[in-house]
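What follows is a single structure, written as structure tokens, with notes after it.
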Amino acid sequence: MNRDHSITTALTAWFRVKARVLPWRTIERDPWRSLVSEFMLQQTQVDRVIEKFEPFLSLFPTPEALARASQDDVLAAWAGLGYYRRARNLHAAATSIADRFGGSVPTSVDDLLTLPGVGRYTAGAIMSLVHHEPEPIVDGNVRRVLLRLDGEDLPDAPATDRRVWSRAGALVSESGHPAAFNEGLMELGALICTPRSPKCPECPLVAMCRAHDAGTQEDIPRPKKRPNRKELFGAALIVRDDTGRLLIRRRPDVGLWAGMWEAPTLEQESHPPSAEEVSAWCGAAATPLSLRFIHQTTHRIVHFEGWTAESAPALADGRAVSGEEIGRLGISNAQRRLLRLAEVLPEA
DNA sequence: AAGTCGGGGAT
DNA sequence: ATCCCAGACTT
């Protein structure tokens with residue numbers, strides 16, 4: 001009875017009893033539902049995904065259905081989840097599945113890796129959780145659990161990740177139950193072996209945990225290096241035509257909030273746009289509204305200020321829409337907040 | 001190896 | 001405030 005065998009046995013037994021009921025955890029896993037869930041779950045907590053999952057699948061129940069959809073409809077269904085490139089990648093992946101794989105999600109790591117937005121983690125998740133193949137997966141949870149389990153106080157570096165992937169591969173092969181073991185590792189990281197204040201007394205692996213033996217579980221893994229957030233200043237222009245429709249436009253297809261709709265916003269990194277700058281940009285005399293807020297993302301601190309003008313002759317790429325139409329477009333949470341404060345959209 | 005890409009929960 | 005989250009991709 002070696003140590004790895006004790007680990008895999010205890011973990012799979014725990015998972016079979018303690019696993020949460022989640023929309024994508026059906027008895028027989030559906031490949032498309034699983035792929036959608038994995039895209040949504042990238043860098044996103046389970047609770048955030050649950051509310052978006054079924055509505056998205058109702059709109060796009062198959063790869064072909066998503067492949068046929070417009071980019072606007074896809075982004076609208078994704079709105080609020082963040083990391084919108086995932087939605088565009090999933091859309092492109094669906095097209096590829098329809099065109100190159102006969103409408104079925106590929107069933108090998110190599111084929112899965114050809115899909116845009118599918119990396120080593122997602123490919124391994126489909127192979128192990130859906131097809132019960134002993135492919136390793138390493139996400140943030142697995143990384144933390146395995147480093148603590150082996151008591152490895154290693155730096156945040158690629159060499160550490162290579163070690164963790166190797167360890168995950170050895171364990172999933174040993175387990176004999178790739179799905180329950182891999183998903184169990186993630187579930188343990190989400191529920192018990194949490195970043196701070198892990199619930200070691202409730203952990204099925206406490207007897208095998210070297211970090212717990214040494215009392216270093218709170219110090220492992222070492223914090224990731226994170227760059228300082230850059231500031232951004234946005235002047236958002238609220239302009240209505242004579243029928244009360246609002247001027248909006250679609251953002252470029254790269255960068256922040258790519259492809260999402262917005263009230264036209266002048267963005268600068270150096271300083272808040274002045275009245276002269278906003279006026280020159282929109283081609284009319286602009287005046288500030290008493291509407292300011294700060295929106296924070298992982299890498300940005302965005303200072304929004306609302307402005308208005310009679311018209312915007314210099315903004316040729318816009319389009320006028322009614323309040324009702326706005327509600328159906330793909331709009332970031334930042335712009336939704338702006339439009340609520342400007343009383344274009346109703347409160348909450 | 002570092003930077004970019006959202007938004008919100010936990011502490 | 002800070003850290004993190006069922007990561008992937010670009011530079």
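Here is the naming used below: chain letters follow the sequence lines, and residue numbers restart at 1 for every chain. Nothing here was measured: the structure is a model prediction, and the numbers come from that model.
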Item to check | Heavy-atom donor-acceptor pair, A/Arg222 side chain to A/Asp156 backbone, under 3.5 Å | outcome: no

Checklist entry - Under 4.0 angstrom, heavy atoms only, what part of the nucleic acid is A/Leu22 near: base, sugar-phosphate, or nothing? => result base

Item to check | ILVMFWY cluster membership beyond A/Val21 - transitive side-chain contacts under 4.5 angstrom | outcome: none

Checklist outcome for this item: The ring pair (Phe, Tyr, Trp, His ring centres under 6.0 Å) partners of A/His212 (sequence neighbours excluded) come to none

Item to check | Contact nearer the 5' end of DNA chain C, comparing A/Glu38 with A/Leu115 | outcome: A/Glu38

Next on the checklist: Taking transitive links into account, so neighbours of neighbours count too, which hydrophobic residues share a cluster with A/Ile301 at under 4.5 Å side-chain distance?
Outcome noted: A/Ile294

Next on the checklist: Restricting to ring pair (Phe, Tyr, Trp, His ring centres under 6.0 Å), what partner residues turn up for A/Trp257, sequence neighbours left out?
Outcome noted: A/His295

Checklist entry - When you list every nucleotide of DNA chain C with an atom under 4.0 Å from a heavy atom of chain A, which one comes first 5' to 3', and which comes last? => result C/dC3 to C/dC9

Checklist entry - What residues, two or more places apart in sequence or in another chain, satisfy ring pair (Phe, Tyr, Trp, His ring centres under 6.0 Å) together with A/Trp24? => result A/Phe53

Checklist entry - Which pairs, with at least one residue in residues 120-136 of chain A and sequence neighbours excluded, count as a side-chain hydrogen bond (donor to acceptor under 3.5 Å, both in side chains)? => result A/Glu38-A/Tyr121, A/Gln42-A/Thr122, A/Ser128-A/Asn182

Checklist entry - Can you name the ring pair (Phe, Tyr, Trp, His ring centres under 6.0 Å) partners of A/Phe60, sequence neighbours left out? => result A/Phe56

Next on the checklist: Both A/Trp24 and A/Pro116 contact DNA chain C. Which one's nearest nucleotide lies toward the 5' end?
Outcome noted: A/Trp24

Checklist entry - Which ones in residues 129-159 of chain A lie close to DNA chain C, meaning a heavy atom under 4.0 Å from one of its atoms? => result A/Asp139, A/Gly140, A/Asn141, A/Arg144

Checklist outcome for this item: For A/Trp307, the hydrophobic cluster (side chain heavy atoms closer than 4.5 Å, chained through members) also holds A/Leu237, A/Val239, A/Leu247, A/Leu266, A/Val278, A/Trp281, A/Leu315

Next on the checklist: Give me the distance, rounded to whole Å, that separates C/dC5 from B/dG6 when you measure between the C1' atoms they each carry.
Outcome noted: 12 Å

Checklist entry - Base, sugar-phosphate alone, or nothing: which one does A/Val118 contact when heavy atoms must sit under 4.0 Å apart? => result sugar-phosphate

Checklist entry - Below 4.0 angstrom, N of the basic side chain to O of the carboxylate: do A/Glu187 and A/Lys18 qualify? => result no

Checklist entry - What interatomic distance, in whole Å, is found between P of C/dA6 and the corresponding atom of B/dA10? => result 12 Å

Item to check | Contact pattern, 5' to 3', of nucleotides 4-11 of chain B - B, S or - by protein heavy atom under 4.0 Å | outcome: BBBBBS--

Item to check | Within residues 260-282 of chain A or reaching into it, pairs that qualify as salt bridge (Lys or Arg N to Asp or Glu O under 4.0 Å) - sequence neighbours excluded | outcome: A/Arg249-A/Glu262, A/Arg251-A/Glu262, A/Arg251-A/Glu267, A/Glu269-A/Arg300

